[in-house]
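Worksheet for the structure shown next.
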Amino acid sequence: MHNKIFPIAKTFALLKPFINTSKAPVVEFIALQDKDPFKILIATILSSRTNDTTTTKVIQRLFKVVKNISSLETVPHDELEKLIFPVGFYKQKAIQLKKLPLVLKNNFNGIIPDEIDQLIKLPGVGRKTANLVRWAAFGKPAICVDVHVHRICNRWGYVKTKDPEETEMLLREILPRQYWPFINHYLVSLGQTICKPRNPKCKTCPLIDICAKIKVNH
Ligand code: SF4
């Protein structure tokens with residue numbers, strides 16, 4: 001369900017000056033420097049549940065040793081764990097990364113796919129990661145919906161959905177295409193600074209006059 005009269009264009013216009021002063025998320029930063037789908041995929045997996053500072057340090061160290069799928073295949077598991085420490089769930093991510101070369105070889109001729117339905121078959125890749133890789137590595141239309149995008153779109157009253165996947169599917173229908181590449185960056189920035197999960201700072205928010213503040217207790 002969604003609000004057909006929600007002023008989405010005005011919302012993005014109001015957010016734009018605020019976002020210009022924020023840093024781009026780490027995966028977008030990598031994509032600007034290097035369009036290598038391998039690096040973008042690995043950085044995206046590692047960035048999940050990890051702050052950008054830690055992710056940036058880890059990928060700089062990792063990509064000096066692991067430069068492509070072949071070197072990921074040959075790097076010893078213990079060394080990989082050490083290289084990616086302390087990203088969130090590093091032990092689990094090391095297991096997933098070690099499985100990646102074989103899954104790619106067996107299913108995709110060793111090439112990283114660009115379709116969501118194929119990307120989510122890779123170990124450690126959920127819908128958010130798949131969308132981010134599709135957009136950042138291949139420049140194809142994608143909407144990266146994480147907990148920030150899901151929470152904030154619901155607080156605005158733009159959508160009424162129960163989880164990020166439902167939000168993604170609905171946004172694919174209602175969000176004008178020109179906003180697809182920006183929504184994740186904009187709402188992650190807003191969600192980390194102002195529209196936090198607890199105690200959102202509505203008084204300092206540029207959207208205070210148009211947001212319905214659904215389930216916000218002040
Ligand atoms: S007004 Fe409050 S609830 Fe709405 S987007 Fe801003 S911080 Fe979030």
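Just follow the structure's listing: the first ligand is 1, and inside any ligand the first atom is 1. Bear in mind that the values here come from a model prediction, so they are computed numbers and not experimental data. All values below were derived from every heavy atom in this structure, side-chain atoms included, with hydrogens, water molecules and symmetry-related copies excluded.
Side-chain polar atoms of Asp52 and Ser47 form no donor-acceptor pair below 3.5 angstrom. Inspection of the Thr50 and Thr55 side chains reveals no N or O donor paired with an N or O acceptor under 3.5 Å.
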Indicate every side-chain donor-acceptor pair of residues 171-183 with a distance under 3.5 Å to a residue at least two apart or in another chain.
residue : atom : partner : partner atom : Å
Arg172  : NE   : Glu168  : OE2          : 3.1
Arg172  : NH2  : Asn131  : OD1          : 2.9
Arg172  : NH2  : Glu168  : OE2          : 3.3
Trp180  : NE1  : Leu175  : O            : 2.8

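Ligand-side atoms of ligand 1 in range of Trp156: 5 (S), range being under 4.0 angstrom from any heavy atom. Close approach to Val216 involves these atoms of ligand 1, each under 4.0 Å from a residue heavy atom: 3 (S). Residue Cys195 approaches ligand 1 through these ligand atoms, each under 4.0 Å from one of its heavy atoms: 3 (S), 5 (S), 7 (S), 8 (Fe). Listed by atom number, the atoms of ligand 1 under 4.0 Å from Cys211 heavy atoms are 1 (S), 3 (S), 4 (Fe), 5 (S).
Taking backbone and side chain together, Cys202 holds an N, O or S atom under 2.8 Å from atom 2 (Fe) of ligand 1.
Between Val149 and the choices Ile152, Val147, Asp146, the side-chain contact (heavy atoms from CB on, under 4.5 Å) rule is met once, by Asp146.
Within the structure, salt bridge (charged side-chain N to carboxylate O under 4.0 Å, His left out) pairs that include any residue of residues 102-120 comprise Glu73-Lys105, Asp114-Lys140, Glu115-Arg134 (at least two apart or interchain).
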